[in-house]
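Remember, predicted model here, so these are calculated numbers, not experimental data.
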Amino acid sequence: MIRSYLFTPAHRPELISRAHERSADAILLDLEDSVPRDRKQAARDGLAEAISVLTARAVPVVIRVNADLGECVRDLEAAILPGVDAIMLPKVIGADHLRLVADYLSMLERQAKLPEGQIKLIALIETAQGLMNAASIAKATPRLTALAFGTEDFSTDCGHAPSVEALKGPAQSLIHAAKAGCLQAIGLPGSIAEIHDMDSFRACVDLGRAIGFDAVLCIHPRQVEIVNAVFTPSASEIEQATRVVEAFDRATQQGLGAVMLGGKMIDPPIVARAHSMLQSRRL
């Protein structure tokens, strides 16, 4: 299970060569915001080498393309390479938007003689329109593996600061849409830009996990350690989940559908969450 995605500018080979040392579960090669317009083509031209460096170290690779249609098409054509796990599409506004890109990927895969459907999609929700359509976006294509929340652009689109107070509700809506589509939910209920006040960042990550996010987009290596720690079940959580599963197994053998454990009633939904936690530990 991927907990942390680390943005790495695709035109910076000196950063790419060390990206695997940052402990992120996946490297997100960025062709969009972190790459100046006059370096876009250089970034595309360097993708094959960058992917080779990362796959040699068994690091999953995601590529964020540009939202602008012309740039996006050129990015997709450059990104259809062995070793690319997924494409992150920014500013997704609806299911048709995603299906159009998915169809184009199929054509490019056929031309490149790659297995069709091999490269997955992550939809980055960054506008009010995208959030309103998140439920249909989540079911748009089998290529889709996750919905991600772009809080900075979303806040700009909505005219408010990227604060927890403003973003917790929208974040929960995105999480619900992702879960209804059996997808990973990636993001924070707050700003992604905090790289100095790590206590505040950790509090936001803690809240993100509590409300149902599965992973976080990181823009700095300092964030990765915190994200991985928060999204890794603690020893006490694993111990409690094990007790829940064992107690329910014993109750089932006795013909019971629920059992008391530590003053709480344990029934199938609670057991399912415990199984999920134990499974995530093994991934």
Taking 4.0 angstrom as the limit, do R18 and E21 come out as a salt bridge?
-> yes
When you measure from the side chain of T55 to the backbone N and O of A58, does any donor-acceptor pair fall under 3.5 Å?
-> no
Donor-acceptor contact below 3.5 Å, side chain N133 vs main chain I137 = no
Between E126 (side chain) and E152 (backbone), is there a donor-acceptor pair under 3.5 Å?
-> no
Could you tell me whether E109 and R143 make a salt bridge, using a distance below 4.0 angstrom between a side-chain N and a carboxylate O?
-> yes
Crowded around R110 CZ? As in, over 12 foreign heavy atoms under 6.0 Å?
-> yes
State whether the side chain of R57 and the backbone N or O of V53 hold a donor-acceptor pair below 3.5 Å, judged by distance alone.
-> yes
Output yes when a side-chain donor or acceptor of K40 lies under 3.5 Å from a complementary backbone atom of V35, and no otherwise.
-> yes
Identify whether I63 and L98 are in the same connected component of the hydrophobic contact network (ILVMFWY, side-chain heavy atoms under 4.5 Å).
-> yes
Do the side chain of K168 and the main chain of G190 share a donor and acceptor less than 3.5 angstrom apart?
-> no
For the pair D199 and R202, find out whether any cationic side-chain nitrogen is under 4.0 Å from an anionic carboxylate oxygen.
-> no
Does atom CE of M132 have more than 12 heavy-atom neighbours from other groups under 6.0 Å away?
-> no
Might you point out which heavy atoms bring P189 and G208 nearest each other, and give the distance in Å?
-> CD-CA, 3.6 Å
Begin from the C-alpha positions of E116 and Q118 and carry the test side-chain contact (heavy atoms from CB on, under 4.5 Å) through to its verdict.
-> CA-CA 6 Å; E116 190 169 342; Q118 173 178 302; over 6 Å; no
Would you check if the side chain of Q223 reaches a backbone N or O of I192 as a donor-acceptor pair within less than 3.5 Å?
-> yes
Worked verdict on L124 versus L89 for side-chain contact (heavy atoms from CB on, under 4.5 Å) | CA-CA 6 Å; L124 188 54; L89 184 65; over 6 Å; no
So among L121, I80, V62, V101, which one has a side-chain contact (heavy atoms from CB on, under 4.5 Å) with I87?
-> L121
Do you reckon L31 sits in the same ILVMFWY cluster as L29, going by side-chain contacts under 4.5 Å, direct or chained?
-> yes
In this structure, which one of R3, Q184, K179 forms a side chain to side chain donor-acceptor pair (under 3.5 Å) with D214?
-> K179
Step through the shown structure and confirm whether more than 12 heavy atoms of other residues, nucleotides or ligands are within 6.0 Å of CD on E225.
-> no
Would you check if the side chain of T127 reaches a backbone N or O of G130 as a donor-acceptor pair within less than 3.5 Å?
-> yes
Looking only at atom types and distance, does a side-chain atom of K91 sit under 3.5 Å from a main-chain N or O of I125, one as donor and one as acceptor?
-> no
In plain terms, say whether R44 and D75 are close enough for a salt bridge, that is, a side-chain N and a carboxylate O under 4.0 Å apart.
-> yes
Output yes when a side-chain donor or acceptor of D30 lies under 3.5 Å from a complementary backbone atom of T8, and no otherwise.
-> no
